[in-house]
2 protein chains.
Amino acid sequence: MSDGKPISIAFEQHDHNACLGKAMQAAQGYCEEHKLQLTPARRKVLELLLQEHRALGAYTILDLLREAGFNSQPPVAYRALDFLVENGFAHRIERLNAFVACALPGTEHSPAFMICRQCETVAETQSSESNFNFSTTADFSGFKIEQTIIEAKGVCNSCAEIEQL
Amino acid sequence: MSDGKPISIAFEQHDHNACLGKAMQAAQGYCEEHKLQLTPARRKVLELLLQEHRALGAYTILDLLREAGFNSQPPVAYRALDFLVENGFAHRIERLNAFVACALPGTEHSPAFMICRQCETVAETQSSESNFNFSTTADFSGFKIEQTIIEAKGVCNSCAEIEQL
DNA sequence: ATTATTATGTTATAATATTGCAATAGGAGA
DNA sequence: TCTCCTATTGCAATATTATAACATAATAAT
Ligand SMILES: [Zn+2]
Ligand SMILES: [Zn+2]
Ligand SMILES: [Zn+2]
Ligand SMILES: [Zn+2]
């Protein structure tokens, strides 16, 4: 086990019910403040994403929506996900064609993800200044970065221990 | 215009015929050295990718293969692309579901991409030490990074100038 | 030459995502 | 409230991206 402070919660033990409840409350509040409609389908999809610190594919979400009594055509899921991504409640994980709840909703941030190839947990952390060299290089050619995707594939601590055996 | 040296060539003016020829030569040599079969389909796909400093989708490549007289079933393109990616001649750009020729074939490197949303040029650069903060964060939770994808969307110098108008 | 490995041909299908249009609900102002 | 406008949803079809499965052919290894 490492001794740094847990910047990203996904791989750490934590009170996940509180984790989830807090996030839903935050979303609720943010929507009221910004006059956004957190409709039943959107709320449900966010709940589903918050349920696990893993990325879910659109069709997985669609199945879960169906189980919950929602209409189950693809646009239902994609529209809800679009809403959540556009408003910062979720992120799309490109390499998985999947979606994960944002760990820092409501704050301006440039996320980076650590994706365990074994248990598929997705931990979000901030890339912040981490791209110093990279953005310097960008400057050389006059390229203006608007959004950066950082996705690291690897293996989390507990999965690594299991692999050792 | 900036004054740094051009670390990535895609946005810079250059002798592209030489650029392409050199890359094909390098691929040829690498394959002979490593007993890899640079078969006609694989060679053609690599040529197509090298033709432009842009990412091409598998089905675009498939169309171009057909025009060049190759069999045009999806597996033809995907297999060739798999070969090229596995052996470091090309990279997959996740956010575009597309592929681009590697700018640094034969060298061990952790690529980062700058993708112009306007002209869709893809410039490859090295992320090298750029992820310092990020990997430090990774250490905190004991996560071991095996591969990192960095894709920056933005606008290149010349497209930005056009937008100004 | 025989065998094993690697690559290709071919068909079908899976998985992911979008379009278009009609119907409905929610919010703002008269 | 009523009307208008916009945002959201319902629904059917289709587009796009990617893989599975199995037969055949080419190449390499023995
Ligand atoms: Zn949690
Ligand atoms: Zn894990
Ligand atoms: Zn070039
Ligand atoms: Zn451009």
Side-chain angles (χ1 to χ4, degrees), chain A residues 27-28 30-46 48-49 54-66 68-87 89-100 120 149 151, chain B residues 27-28 30-46 48-49 54-66 68-87 89-100 115 120 122 149 151:
Chain A
Q28 184 97 276
Y30 184 93
C31 285
E32 279 166 14
E33 226 176 282
H34 292 74
K35 316 229 185 223
L36 298 170
Q37 300 184 47
L38 191 57
T39 61
R42 289 167 176 179
R43 166 187 292 275
K44 186 65 190 178
V45 172
L46 180 53
L48 291 169
L49 291 178
R54 291 178 47 225
L56 301 180
Y59 281 76
T60 300
I61 287 166
L62 208 46
D63 287 345
L64 296 169
L65 281 176
R66 182 185 299 116
F70 287 80
N71 177 338
S72 63
Q73 259 47 55
V76 175
Y78 283 103
R79 285 165 177 165
L81 289 166
D82 284 350
F83 171 86
L84 296 175
V85 169
E86 268 171 22
N87 296 109
F89 300 122
H91 299 288
R92 180 183 162 88
I93 306 297
E94 297 289 344
R95 69 180 305 149
L96 299 178
N97 294 328
F99 301 82
V100 71
E120 295 200 291
I149 290 173
E151 297 177 0
Chain B
Q28 184 97 277
Y30 184 93
C31 285
E32 280 165 13
E33 226 176 282
H34 292 75
K35 316 229 185 227
L36 298 170
Q37 301 183 47
L38 190 57
T39 61
R42 290 167 175 178
R43 165 187 293 275
K44 185 67 189 177
V45 172
L46 179 53
L48 291 169
L49 290 178
R54 291 178 46 225
L56 301 180
Y59 281 76
T60 300
I61 287 166
L62 207 48
D63 287 344
L64 295 169
L65 281 175
R66 181 185 299 116
F70 286 80
N71 179 338
S72 62
Q73 259 47 55
V76 175
Y78 282 102
R79 284 164 177 167
L81 288 166
D82 283 350
F83 171 86
L84 295 175
V85 169
E86 267 170 22
N87 296 109
F89 300 123
H91 299 287
R92 181 182 162 87
I93 306 297
E94 297 289 344
R95 70 179 305 150
L96 300 178
N97 294 326
F99 301 83
V100 71
I115 305 161
E120 295 200 292
V122 174
I149 289 173
E151 298 176 0

Within the structure, does a side-chain N or O atom of [X] lie under 4.0 Å from either OP1 or OP2 of [N]?
X	N	result
A:T39	D:dT9	yes
B:N71	C:dT10	yes
B:R42	C:dT6	no
A:N97	C:dT16	no

Closest to the [X] side chain: [options]?
X	options	value
A:P74	D:dG10, C:dA17, D:dA18	C:dA17
A:R92	C:dA17, D:dC11, D:dC22	C:dA17
A:Q37	C:dA7, D:dT9, D:dA7	D:dA7
A:Q73	D:dA12, D:dA18, D:dG10	D:dA12
A:P75	D:dT9, D:dA12, C:dT11	D:dA12

Whether B:F99 and B:Y78 hold their rings parallel, tilted or perpendicular, with breakpoints at 30° and 60°: perpendicular

Between [atom2] on [N] and [atom1] on [X], what's the gap in Å once rounded to a whole number?
X	N	atom1	atom2	answer
A:L62	D:dT9	CG	P	14 Å
A:E94	C:dA17	CD	P	9 Å
B:D63	D:dT17	CG	P	11 Å
A:F70	D:dT8	CZ	P	16 Å
A:L96	D:dT17	CG	C1'	16 Å
B:R79	C:dT5	CZ	P	19 Å
B:L81	D:dT17	CG	P	13 Å
B:L38	C:dT8	CG	P	10 Å

Side-chain donor/acceptor of B:Y78 to base of D:dA20, under 3.5 Å: no

hbond_proxy A:Y59 side chain to C:dA14 base (donor-acceptor, 3.5 Å cutoff): no

Steps toward side chain to side chain donor-acceptor pair (under 3.5 Å) verdict (B:N71, B:R66): CA-CA 6 Å; B:N71 179 338; B:R66 181 185 299 116; over 6 Å; no

First of A:D82 and B:P40 reached from the 5' end of DNA chain C, by closest nucleotide: B:P40

Step-by-step salt bridge (charged side-chain N to carboxylate O under 4.0 Å, His left out) determination, B:E120 to B:R54: CA-CA 6 Å; B:E120 295 200 292; B:R54 291 178 46 225; 3.8 Å; yes

Salt bridge flag under 4.0 Å for residues A:R79 and A:D82: no

CD on A:E32 to CG on A:L38, rounded to 0.5 Å: 9.0 Å

